[in-house]
A.B. asks: 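Have a look at this one.
What you see is a predicted model, and the numbers here were worked out from it, not measured in a lab. The chain is numbered in sequence order, starting from 1. Just so you know, ligand 1 is whichever comes first in the structure, and atom 1 is the first atom listed for that ligand.
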Amino acid sequence: MLSFVFLLGFGVSLEIGTQQSENHPTLSWQQCTSSGSCTSQSGSIVLDSNWRWVHDSGTTNCYDGNEWSSDLCPDPETCSKNCYLDGADYSGTYGITSNGSSLKLGFVTEGSYSTNIGSRVYLKKDTNTYQIFKLKNHEFTFTVDVSNLPCGLNGALYFVEMEADGGKGKYPLAKPGAQYGMGYCDAQCPHDMKFINGNANVLDWKPQETDENSGNGRYGTCCTEMDIWEANSQATAYTPHICTKDGQYQCEGTECGDSDANQRYNGVCDKDGCDFNSYRLGNKTFFGPGLIVDSKKPVTVVTQFITSNGQDSGDLTEIRRIYVQGGKTIQNSFTNIAGLTSVDSITEAFCDESKDLFGDTNDFKAKGGFTAMGKSLDTGVVLVLSLWDDHSVNMLWLDSTYPTDAAAGALGTQRGPCATSSGAPSDVESQSPDASVTFSDIKFGPLDSTY
Ligand SMILES: *[C@@H]1O[C@H](CO)[C@@H](O)[C@H](O)[C@H]1NC(C)=O
Ligand SMILES: *[C@@H]1O[C@H](CO)[C@@H](O)[C@H](O)[C@H]1NC(C)=O
């Protein structure tokens with residue numbers, strides 16, 4: 001029997017391929033202490049598995065364009081056992097370069113075999129492990145340059161509750177694990193992941209009509225997500241999103257909360273989140289080119305996770321934002337909308353009030369609110385850096401008027417100054433292929449220790 005299996009070239013799991021060597025770009029960051037001293041940590045980043053070449057024991061594609069090979073991938077497990085996840089040429093294929101404490105993600109990269117759009121990378125502690133952050137009663141700081149990001153793009157920095165080993169320990173099929181960027185999940189329960197819990201997501205796979213690299217399978221991968229920074233040069237928001245399941249969770253059917261099945265609020269995650277976007281909250285002159293926080297220049301972004309008792313063990317009560325630019329500390333803008341208490345941070349009361357006033361479903365509260373977010377932060381979360389364009393709604397939820405058919409002046413619908421016709425991936429990819437985002441000088445420590 002063994003020789004029969006061997007003849008078919010069957011492995012026992014998804015394996016690491018050796019066609020392309022994998023050299024994780026280094027990215028140093030600083031761990032700070034309450035005394036104000038910071039020490040440099042030698043981290044590195046890894047490209048998500050979804051961007052990688054997946055092939056058989058030779059060089060035949062398991063996944064080509066946006067379709068699975070029917071020979072190599074007749075079912076999830078056989079597919080994983082037949083296939084190899086390969087190394088990445090970070091700069092040549094994906095437009096990812098790092099340099100000391102700075103990381104640049106390019107938008108469109110013409111490689112020798114394919115055209116790559118955007119990327120998603122994770123901060124690692126060592127070869128097989130993602131860096132885990134415990135954010136409660138701490139602050140997370142970084143500098144970002146969004147000057148080269150037009151309407152429709154999103155240079156994002158956020159945390160998700162992935163497994164530190166990329167799922168390798170729990171799911172033997174997921175053998176490449178964190179070393180090859182496996183195990184992603186977020187609060188949108190994405191269906192476009194090629195592998196979830198080590199199994200290929202081949203069942204019901206539908207190539208995405210408008211995206212030649214992507215498709216959607218039966219399963220989604222869900223987990224709590226803390227969006228520290230979603231932005232381009234025109235708009236920015238920070239947003240907690242929670243899920244009712246602990247850790248990474250593979251969803252199927254209603255629990256994925258698919259919008260196109262009208263089940264957005266029936267799933268296990270809060271897809272809307274509770275966002276703080278200065279423009280949406282009444283201050284249109286705070287963030288943007290030449291404004292108070294000037295998106296034409298690098299800006300340092302501080303996010304603080306305040307607890308009820310000033311201890312790491314306390315309940316999460318508030319998520320605060322501070323900016324530093326040109327040596328000046330800039331406090332966050334205050335909300336400025338009639339009917340909304342004037343505040344400059346995210347609290348449970350702010351979420352309740354703003355959702356009520358804007359007529360938004362309060363799924364954040366329904367799924368557990370700050371208590372659920374605090375619990376996830378106690379478990380620890382993984383840092384994600386990405387650059388993407390939006391095949392569902394052209395990023396209008398971030399930088400334009402959305403929903404686009406909202407009554408003129410409807411509260412909470414104006415999120416940024418971009419036109420409702422902007423942000424279509426085909427437009428931004430052809431008009432701004434050289435767009436990029438640069439993240440640098442990541443620092444983590446107790447409150448007020450990093451800036
Ligand atoms: C690397 O650092 C140098 C010096 O600070 C800078 O000029 C260059 O643009 C950086 N390159 C990248 C890719 O970040
Ligand atoms: C926007 O924020 C700035 C800085 O906090 C403030 O000076 C200005 O008055 C605010 N504008 C509005 C409309 O709230």
Side-chain angles (χ1 to χ4, degrees), residues 139-147 149-151 154-157 227-240 272-306 317-360 395-403 406-420 422 441 443 447-448 450-451:
E139 70 190 15
F140 185 88
T141 296
F142 64 101
T143 297
V144 64
D145 184 343
V146 294
S147 61
L149 289 180
C151 295
N154 188 342
L157 182 152
D227 293 326
I228 301 277
W229 181 255
E230 293 195 279
N232 54 42
S233 59
Q234 305 299 315
T236 186
Y238 72 104
T239 312
D272 294 358
C274 172
D275 61 303
F276 195 109
N277 168 338
S278 298
Y279 191 103
R280 186 179 188 214
L281 294 167
N283 196 326
K284 298 181 175 174
T285 59
F286 187 67
F287 175 84
L291 299 182
I292 294 164
V293 176
D294 185 356
S295 63
K296 286 197 281 196
K297 300 177 187 149
V299 56
T300 298
V301 180
V302 183
T303 309
Q304 301 183 320
F305 295 84
I306 314 290
T317 54
E318 183 180 7
I319 307 171
R320 294 192 62 77
R321 166 58 47 83
I322 298 159
Y323 296 95
V324 182
Q325 193 169 45
K328 245 180 46 193
T329 300
I330 306 170
Q331 296 302 327
N332 196 18
S333 63
F334 279 83
T335 59
N336 188 0
I337 292 189
L340 205 54
T341 307
S342 177
V343 294
D344 65 348
S345 69
I346 300 178
T347 61
E348 194 105 31
F350 159 78
C351 298
D352 290 347
E353 243 189 63
S354 57
K355 284 181 181 287
D356 189 39
L357 185 70
F358 296 162
D360 293 343
M395 219 68 79
L396 301 175
W397 57 270
L398 174 67
D399 61 20
S400 181
T401 298
Y402 188 79
L411 289 179
T413 60
Q414 293 177 31
R415 296 136 193 277
C418 298
T420 53
S422 70
D441 301 313
K443 293 183 183 178
L447 301 174
D448 298 322
T450 64
Y451 68 98

A.B. asks: Mind checking the CD-CD1 spacing from Glu139 to Ile319? Nearest 0.5 Å is all I need.
C.D. replies: 14.0 Å

A.B. asks: With respect to atom 1 (C) of ligand 2, which of Ile292, Asn283, Ile330 exhibits the smallest heavy-atom separation?
C.D. replies: Asn283

A.B. asks: Would one find an N or O of Ser333, backbone or side chain, under 3.5 Å from an N or O of ligand 2?
C.D. replies: no

A.B. asks: With Arg321 as the cation and Tyr238 as the aromatic partner, state whether NZ or CZ is under 6.0 Å from the six-membered ring centre and within 45° of the axis.
C.D. replies: yes

A.B. asks: I want to know if ligand 2 touches Asn332 in the polar sense, i.e. an N/O pair below 3.5 angstrom.
C.D. replies: no

A.B. asks: Under 3.5 Å, is there a donor-acceptor pair between the side chain of Ser295 and the main chain of Ser233?
C.D. replies: yes

A.B. asks: What are the atoms of ligand 2, with element, lying closer than 4.0 Å to any heavy atom of Asn336?
C.D. replies: 12 (C), 13 (C), 14 (O)

A.B. asks: Evaluate the 4.0 Å heavy atom contact test for atom 11 (N) of ligand 2: does a protein atom fall under the cut-off?
C.D. replies: yes

A.B. asks: Start with the C-alpha gap between Phe286 and Leu281, add the side-chain angles, then the distance that decides, and say whether side chain to side chain contact (heavy atoms under 4.5 Å, CB included) holds.
C.D. replies: CA-CA 11 Å; Phe286 187 67; Leu281 294 167; over 6 Å; no

A.B. asks: Would you mind running through ligand 2 and noting each atom that sits below 4.0 Å from a heavy atom of Gly282?
C.D. replies: 13 (C)

A.B. asks: Is it true that Arg320 and Asp344 make a salt bridge, defined as a side-chain N closer than 4.0 Å to a carboxylate O?
C.D. replies: yes

